[in-house]
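Convention: sequence-line order gives letters A, B, ...; per-chain numbering from 1.
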2 protein chains.
Amino acid sequence: MTARRTGLREQKKQATRQALREAALRLALERGPDNVRVDDIAEAAGVSPRTYNNYFSSREEAIVAAVTAERESRVAAAIAARPDGVRLADAVADAVVEQYTDPGTRQGDALVLITTRPALREAFVDAAARVEEPLTDAIAARICDRDRDAARVLAASVAAAIRIALDRWTSGTAGAPAVPGGLVVPSGPLPDLLRAALAPLAPALNAAEERAAARD
Amino acid sequence: MTARRTGLREQKKQATRQALREAALRLALERGPDNVRVDDIAEAAGVSPRTYNNYFSSREEAIVAAVTAERESRVAAAIAARPDGVRLADAVADAVVEQYTDPGTRQGDALVLITTRPALREAFVDAAARVEEPLTDAIAARICDRDRDAARVLAASVAAAIRIALDRWTSGTAGAPAVPGGLVVPSGPLPDLLRAALAPLAPALNAAEERAAARD
DNA sequence: TACAAAAAGTGCGCGTACGCAAATTTGCGC
DNA sequence: GCGCAAATTTGCGTACGCGCACTTTTTGTA
């Protein structure tokens, strides 16, 4: 179901997409994001400028995608991986924290770049919206596949909470002084911010779960 | 607090904004949205094209704003107007339904226009995100002004629910046959869609309210 | 292997979005 | 009234986003 489309086609497509976002990030780091034209990225990735816009609808999107990558869809997988015993709210919170923490975000240089430029920051924060779709499936599966509409609302709410946490994280970062170690981006509070943002939604998530259980 | 800025300045600004969105809608209705250039709207409103983009960051935004207007901020006011006795979830649902129903949306012609063109539909649906800020204030006031962070998450969740309801409404509309009366847009189900979308969030809203009450 | 259908890549052209700096307008104290 | 500082408007130039039609590549089938 993942690689439904035949094979070589989809394979090359993903390769091109990856080449584009890596080229975008590399060039942005090398010369600063303001000195990178779309044409440069396309050329570096070996495709035409027009093709670039078939993959990304803005310059910022490609750069951010290099850091974000497939994180959004992994959140859904992480939730599905949790045992059925744990409460839905906990499963979601743990999965989100797990996926939005270090492993995927270890690109320190890229993050300072993103948090510095407002346009990139906005694109980075807005990228959280992409969890909605996979998350809808994951939550729908937990609440027994009924009431997909409720699952979508809950997923969108979780996405909004993540967005708020990231917004706070990246903006609070700007004002905060660099830690002695030399890192400008304090990665410490992010898990806390995520959990705090998700906490208010816990009653809704658990209630949906209970409602589903009561029906069976 | 509403008209904080001196007076004549802000007044003219609002006048210009209104002139722009009304011109945008009028021209779009007259010749179809694809035959309206930004220059035309600016000229009709008596400002330069560049000024247009000081007020709206896309062509769709102005057209949609003519319908949306100040609805988002009125939702917050409507919530504040509810007596303290009613549960927060009910107050929110009632206020949202009240504001997103007929009075402001009676522009039938404009709505068929918007639901027809994908770009306008998207702009219309995304406009719901503008409730987040005023709604945050309204909810924060209800939960005793503490924990503004939770209020923001809840407000963003409500905004997401509204967005989903509008999305369903405008898309479902496209496929539905015109009612005998001649109207293509069935305004009937919108309140139902809104309530259904908001329902899953009720536990979270009420829990926040109770938590605040328990602290006092 | 050959071939037709489908899908991805490409070039072109138009209209848009926005940074920048000059010009104009507004608000306020005197 | 007068003039100055701040805010707003405007023109210009650049780069971007994307629809469209066309070319190239991949896929499934005979």
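- Residue A:Asn54 has no polar side-chain atom (N or O) positioned under 4.0 Å from OP1 or OP2 of C:dG9.
- In this structure, B:Arg37 reaches the C:dG15 phosphate: one of its side-chain N or O atoms is under 4.0 Å from OP1 or OP2.
- In terms of phosphate contacts, A:Asn53 brings a side-chain nitrogen or oxygen within less than 4.0 Å of OP1 or OP2 of D:dG17.
- Close to D:dT26, at under 4.0 Å from its OP1 or OP2, lies a side-chain N or O of A:Lys12.
- Atom CD in A:Gln14 sits roughly 15 Å away from atom C1' in C:dA7 (whole-Å rounding).
- What separates CZ of B:Arg59 from P of C:dG15 is a distance of 10 Å, to the nearest Å.
- Side-chain contact, B:Arg74 with B:Gln99: a donor N or O sits under 3.5 Å from an acceptor N or O.
- Spacing between atom CZ of B:Arg117 and atom P of D:dC18 amounts to 18 Å, rounded to whole angstrom units.
- The side chain to side chain donor-acceptor pair (under 3.5 Å) with B:Asp137 is formed by just one residue from the set B:Arg148, B:Arg152, B:Arg142; it is B:Arg148.
- At the phosphate of C:dT10, OP1 or OP2 sits under 4.0 Å from a side-chain N or O atom of A:Ser48.
- Looking at heavy atoms from C-beta onward, A:Leu166 lies in side-chain contact with A:Leu190 at the 4.5 angstrom threshold.
- Atom CG in A:Leu20 sits about 15 Å away from atom C1' in D:dG17, given to the nearest Å.
- Across all strands, B:Tyr55 comes closer than 4.0 Å only to sugar-phosphate atoms, never to a base (heavy-atom distances).
- In this entry the distance linking CG of A:Asp40 with C1' of D:dT14 reads 14 Å, nearest Å.
- At a threshold of 4.0 angstrom between heavy atoms, the contacts of A:Tyr52 with the nucleic acid are absent.
- Checking the phosphate oxygens (OP1, OP2) of D:dG17, no side-chain nitrogen or oxygen of A:Ser57 falls inside 4.0 Å.
- Toward the 5' end of DNA chain C, the nearer of the two residues B:Arg50 and B:Val36, judged by each one's closest nucleotide, is B:Val36.
- Taking for each of A:Phe56 and B:Pro49 the nucleotide of DNA chain D with the nearest heavy atom, the 5'-most of the two is the partner of B:Pro49.
- Protein atom CD of A:Glu43 is 12 Å distant from nucleotide atom P of C:dG11, rounded to whole Å.
- The side chain of A:Lys13 sits closest to C:dA8 out of C:dA8, D:dG17, C:dG9.
- Within the 4.5 Å cutoff, no side-chain heavy atoms of A:Ile63 are placed close to those of A:Phe56.
- A:Arg121 and A:Thr170 are linked by a side-chain donor-acceptor pair at a separation below 3.5 angstrom, with hydrogens and angles left out of the test.
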